[in-house]
Amino acid sequence: MSIERRYSDYNKYLRSIYGQRVQKITVDTGLGCPNRDGTLASGGCIYCNSRGSGSGLFNKGLSINEQIEMGRRAMIRRYKASKFLVYFQSYTNTYTSCDNMKRMYDEALSVPGMVGMAIGTRSDCVDEEKLDLIAAYAREYLVWVEYGLQSVHDSTLKRINRGHDFESFKTAAALSRERGINVCAHVILGLPGEDRAMMLETARVLGELGIDGVKLHLLYVVKGTPLEVMWKNGAYHCLEQREYVDILCDFLELLPKSVIIQRVTGDPHPEELAAPAWSMERNETFKMIQETMASRDSFQGKRFSK
Ligand code: SF4
């Protein structure tokens, strides 16, 4: 069985809708995050890098259109791509007024070949007005909202200074889905204080919640973060590659097949990574996932029960 058939792979999902590969173009809008700028008292997620997972291109003066054009040209050259999806990745892409959100989304979706958008944000940075605006695009385009959740355990969310609880995610996910917006939850495996059972409980709860997609990440240590201090003084230990792969396979088995798996590994910048070194071996990790799923005859939904 191919890996694509062992779980509901995102690229395959896009191909099933558009009949061809759809290339994602990531943009950095320069919007901040209430958990970094002092609006929330929590002081920022303990693993957050200073770019908020963005490319930093906005700070280099590139507009949304310029960033998309740059990505689009590269995709056309490399893959002869003709369909694209814009991904608002960095920081919190609804942390602004509805007028500004509309300006950004209109600008991005006006690019030839753009079939949709994915908006990365926090569950405490949406409201009914913002979701109504996003839902209006969903009538014509493929629209996903990606909420950083990381864990369903409030004790963990507190420990990592997430600044919101699981209830906040549940509310935002329900308000989004009832408007026809696809909801993706970002989950991190290996968070401090979490054992295997807690991580798999996150899979069970999300499976029952009926969301549309999941992005799975490994927790890696970024230089200059509070997590690096914890790691250096022995208060935090990174997952081993083998552990990560085994937990990830268990996680997939607990999710219903309808959940689109958008990511199964992390993607650290080499210059900012403190640990673990194996997180740079993306191909090796992916190969281990394939081999492990095959040897266990594992597949998404194998242990899902409502
Ligand atoms: S929500 Fe994202 S950008 Fe904000 S502090 Fe957490 S990781 Fe950083």
Side-chain angles (χ1 to χ4, degrees), residues 26-59 64 67 87-96 100-101 104 118-127 130 134 144-173 176 183-194 202 211 213-231 236 238 262-263 265-269 271-275 279:
T26 299
V27 295
D28 187 328
T29 57
L31 294 178
C33 167
N35 203 22
R36 282 191 65 93
D37 67 11
T39 303
L40 300 177
S42 40
C45 302
I46 59 170
Y47 48 78
C48 182
N49 70 20
S50 57
R51 291 175 291 100
S53 300
S55 61
L57 287 177
F58 185 86
N59 283 340
I64 291 174
Q67 292 178 48
Y87 177 30
F88 295 94
Q89 179 183 29
S90 58
Y91 298 111
T92 305
N93 291 285
T94 57
Y95 186 43
T96 185
N100 197 37
M101 284 166 62
M104 291 190 322
I119 302 165
T121 191
R122 293 170 55 88
S123 56
D124 58 357
C125 287
V126 293
D127 55 29
K130 288 178 178 177
I134 294 170
W144 282 80
V145 173
E146 299 187 14
Y147 293 111
L149 169 65
Q150 322 314 355
S151 167
V152 300
H153 302 283
D154 284 342
S155 56
T156 305
L157 299 182
K158 207 162 178 194
R159 191 175 300 115
I160 63 174
N161 293 347
R162 186 68 208 160
H164 66 73
D165 58 12
F166 178 50
E167 195 57 38
S168 163
F169 170 83
K170 276 206 295 190
T171 303
S176 304
V183 169
C184 177
H186 289 209
V187 172
I188 296 179
L189 301 181
L191 290 166
E194 289 219 341
T202 291
I211 57 166
V214 167
K215 266 188 184 174
L216 287 156
H217 302 255
L218 156 78
L219 183 62
Y220 54 83
V221 180
V222 171
K223 290 174 189 163
T225 60
L227 184 64
E228 187 189 25
V229 177
M230 289 171 67
W231 172 69
Y236 174 69
C238 303
Q262 299 203 13
R263 179 184 271 270
T265 61
D267 197 10
H269 285 256
E271 68 279 6
E272 69 180 22
L273 179 72
S279 61

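Counting starts at 1 for both ligands and their atoms, following the listed order. In this chain, numbering begins with 1 at the start of the sequence shown. Just so it is clear, the model here is predicted, and its values are computed rather than measured.
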**Q** Distance check below 2.8 Å: does Cys33 bring an N, O or S atom to atom 8 (Fe) of ligand 1?
**A** no
**Q** Select the closest option to atom 5 (S) of ligand 1 among Cys125, Gly148, Cys45, judged by heavy-atom distance.
**A** Cys45
**Q** Between the side chain of Asp154 and the main-chain N/O of Phe166, is any donor-acceptor distance below 3.5 Å?
**A** yes
**Q** Which option out of Arg36, Arg162, His164, His186 puts a heavy atom nearest to atom 2 (Fe) of ligand 1?
**A** Arg162
**Q** My understanding is that only one of Asn93, Thr92, Thr121 makes a side chain to side chain contact (heavy atoms under 4.5 Å, CB included) with Cys33; could you say which?
**A** Thr92
**Q** Using only atom types and a distance under 3.5 Å, with no angle test, would you say the side chain of Asn35 pairs donor to acceptor with the backbone of Arg162?
**A** yes
**Q** Could you tell me which atoms of ligand 1, counted from 1 in the order shown, lie closer than 4.0 angstrom to a heavy atom of Tyr91?
**A** 3 (S)
**Q** Is a side-chain donor or acceptor of Glu146 paired with a backbone partner of His186 at a separation under 3.5 angstrom?
**A** no
